[in-house]
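In what follows, a single structure is set out as structure tokens and then discussed.
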Amino acid sequence: MEKGHKNKFMNQAEIFFKKEADSWFTRNEGRLAAKKVEEDWTMRFIKKYKLRPKRVLEIGSSNGWRLNFINKIYGAKCTAVEPSAKAIKQGRKLYPKIDFRRGMAEKLPIKENEKFDMVVINYVFHWVDRNNIFKAFAEADRVLKNGGYLLFTDFYPDRPMRVPYHHLRGKNVFTYKMDYTSVFTLTGFYKLLKQVFYHHSYTLAKMKIKPEDRGVTSLLKKDINFLK
């Protein structure tokens, strides 16, 4: 790298951790309070495929509303990792049974001997600084035990896209939309069990969905012994 040259994307993780995660939670707090279990594709998948998770980690959990459903319905021990201090503060007050930890997807505050039989990641990967994205993939895999389920939701465009983050215009902050499912399935030891596509607002819109607005929920099962 030439002297004096700075990578303009290097500060994105710091921006989200120190400020924007809190700002996102403030903007969406009311909407989260109105969430219903039947409207969430993660919860639909758990119910439809009769999954019975015992230890669940959600990366990017906000105030833990989804984990609260999982805990109440299935009695699972739930851990939440979230960058927003405001979301964690509210979550600890509302849902005392959930173990909240502040952190980022690329460096989870999870010990090596802590393993989960389900990891939930909902619209997180597209936020991650591209300098750290492979670390985020590795961390999700590290904490999921063999035979466990990875259940994640994100954008699913026709091709990889970099989109200026509309809440921080001019700050060199972007979201990155791509097929994140294939990152795991191409390893061979993540088997795709089910996918559902829809408008990223979670509505099953009947009209044609633009590629950049398409979301996907993917259910994968981990099996590192896939080669027999």
Side-chain angles (χ1 to χ4, degrees), residues 13-37 39-47 51-129 132-133 135-145 148-154 180 202 217-220 222:
E14 185 177 9
I15 288 173
F16 277 94
F17 187 75
K18 290 187 174 181
K19 183 177 180 181
E20 184 53 28
D22 279 342
S23 297
W24 185 94
F25 177 70
T26 299
R27 291 193 300 269
N28 292 276
E29 184 177 355
R31 182 175 61 85
L32 296 177
K35 285 286 187 179
K36 297 179 180 179
V37 64
E39 295 175 349
D40 183 63
W41 275 107
T42 297
M43 298 304 300
R44 291 189 194 185
F45 272 35
I46 294 174
K47 179 180 179 180
L51 307 178
R52 293 295 180 267
K54 295 180 179 179
R55 296 197 68 203
V56 180
L57 169 68
E58 182 168 14
I59 302 171
S61 62
S62 188
N63 67 354
W65 65 270
R66 183 179 290 108
L67 288 178
N68 178 57
F69 285 139
I70 294 174
N71 172 259
K72 289 176 64 176
I73 297 171
Y74 302 102
K77 183 178 180 180
C78 296
T79 300
V81 172
E82 167 61 37
S84 169
K86 288 185 177 180
I88 290 175
K89 182 178 179 180
Q90 185 185 94
R92 284 174 174 162
K93 181 179 179 180
L94 293 176
Y95 314 122
K97 291 184 179 181
I98 297 173
D99 176 14
F100 285 91
R101 307 181 193 183
R102 192 171 184 224
M104 300 284 279
E106 60 266 32
K107 190 176 182 181
L108 298 174
I110 304 295
K111 296 179 181 179
E112 286 299 324
N113 62 348
E114 290 185 271
K115 298 294 181 181
F116 301 85
D117 57 4
M118 180 178 288
V119 173
V120 176
I121 311 173
N122 197 78
Y123 280 109
V124 170
F125 285 139
H126 73 278
W127 298 103
V128 178
D129 191 312
N132 302 326
I133 188 60
K135 293 179 182 178
F137 298 150
E139 283 289 86
D141 175 69
R142 176 180 70 85
V143 299
L144 181 63
K145 76 176 186 179
Y149 295 93
L150 177 61
L151 225 176
F152 74 87
T153 297
D154 219 304
Y180 290 104
Y202 286 96
T217 295
S218 300
L219 173 63
L220 302 97
K222 180 179 179 179

Distance-only check: which donor-acceptor pairs under 3.5 Å involve side-chain atoms of residues 56-64, not counting sequence neighbours?
{"residue": "Glu58", "atom": "OE2", "partner": "Arg66", "partner atom": "NH1", "Å": "2.4"}
{"residue": "Asn63", "atom": "OD1", "partner": "Trp65", "partner atom": "N", "Å": "3.2"}
{"residue": "Asn63", "atom": "ND2", "partner": "Gln90", "partner atom": "OE1", "Å": "2.7"}

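- Heavy atoms only, all atoms of each residue included: Arg55 and Phe116 are closest at O-CB, 3.5 Å.
- Residues passing the ring-ring contact (aromatic ring centres under 6.0 Å, His included) test with Phe16, sequence neighbours excluded: Trp127, Tyr165.
- Atom CD1 of residue Ile46 and atom CG of residue Leu51 lie 6.5 Å apart, to the nearest 0.5 angstrom.
- Minimum heavy-atom separation, Asn132 to Ala13: ND2-CB, 3.8 Å.
- Residues passing the side-chain hydrogen bond (donor to acceptor under 3.5 Å, both in side chains) test with Arg92: none are found, sequence neighbours excluded.
- Minimum heavy-atom separation, Ser84 to Arg102: C-NE, 4.4 Å.
- Summarising the geometry of Ala80 relative to Leu67, their closest heavy-atom pair is CB-CD1, 3.6 Å, with the distance given to 0.1 Å.
- Taking 4.0 Å as the cut-off between side-chain N and carboxylate O, Arg27 and Glu20 count as a salt-bridged pair.
- Between Trp24 and Leu32, the closest heavy-atom pair is CZ3-CD1, 4.1 Å.
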Listed pairs under 3.5 Å, donor-acceptor, residues 136-143 side chains, sequence neighbours left out:
{"residue": "Glu139", "atom": "OE1", "partner": "Arg142", "partner atom": "NE", "Å": "2.6"}
{"residue": "Glu139", "atom": "OE2", "partner": "Leu108", "partner atom": "N", "Å": "2.8"}
{"residue": "Glu139", "atom": "OE2", "partner": "Arg142", "partner atom": "NH2", "Å": "3.1"}
{"residue": "Asp141", "atom": "OD1", "partner": "Tyr190", "partner atom": "OH", "Å": "2.7"}
{"residue": "Asp141", "atom": "OD1", "partner": "Lys222", "partner atom": "NZ", "Å": "3.1"}
{"residue": "Arg142", "atom": "NH1", "partner": "Ile110", "partner atom": "O", "Å": "3.1"}
{"residue": "Arg142", "atom": "NH1", "partner": "Glu112", "partner atom": "OE2", "Å": "3.3"}
{"residue": "Arg142", "atom": "NH2", "partner": "Ile110", "partner atom": "O", "Å": "3.1"}

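- Annotation for Val124 and Ala105: closest pair CG1-CB, 4.1 Å, computed over non-hydrogen atoms.
- Residues Leu220 and Phe152 are in side-chain contact: their nearest non-hydrogen atoms beyond the backbone lie under 4.5 Å apart.
- Within 6.0 Å of NZ in Lys135 there are 12 or fewer heavy atoms belonging to other residues, nucleotides or ligands.
- Distance check: Met118 CE to Lys145 NZ gives 11.0 Å after rounding to the nearest 0.5 Å.
- Judged purely by atom type and a 3.5 angstrom limit, Asp22 uses its side chain to pair as donor or acceptor with the backbone of Ala85.
- A search for ring-ring contact (aromatic ring centres under 6.0 Å, His included) contacts involving Tyr180 returns Phe125, not counting sequence neighbours.
- Counting heavy atoms from C-beta on, the side chains of Ile70 and Met43 come closer than 4.5 Å.
- By the salt bridge (Lys or Arg N to Asp or Glu O under 4.0 Å) test, Glu114 is found to be paired with Arg101, residues two or more places apart in sequence or in another chain being considered.
- For Asp40 (side chain) and Lys35 (main-chain N/O), no donor-acceptor pair under 3.5 Å exists by modelled atom type.
- Remark: of the listed residues Ile121, Val37, Leu219, Asn122, Asn122 is the sole one forming a side chain to side chain contact (heavy atoms under 4.5 Å, CB included) with Thr42.
- Put simply, the side chain of Leu151 reaches to within 4.5 Å of the side chain of Phe45, judged on heavy atoms.
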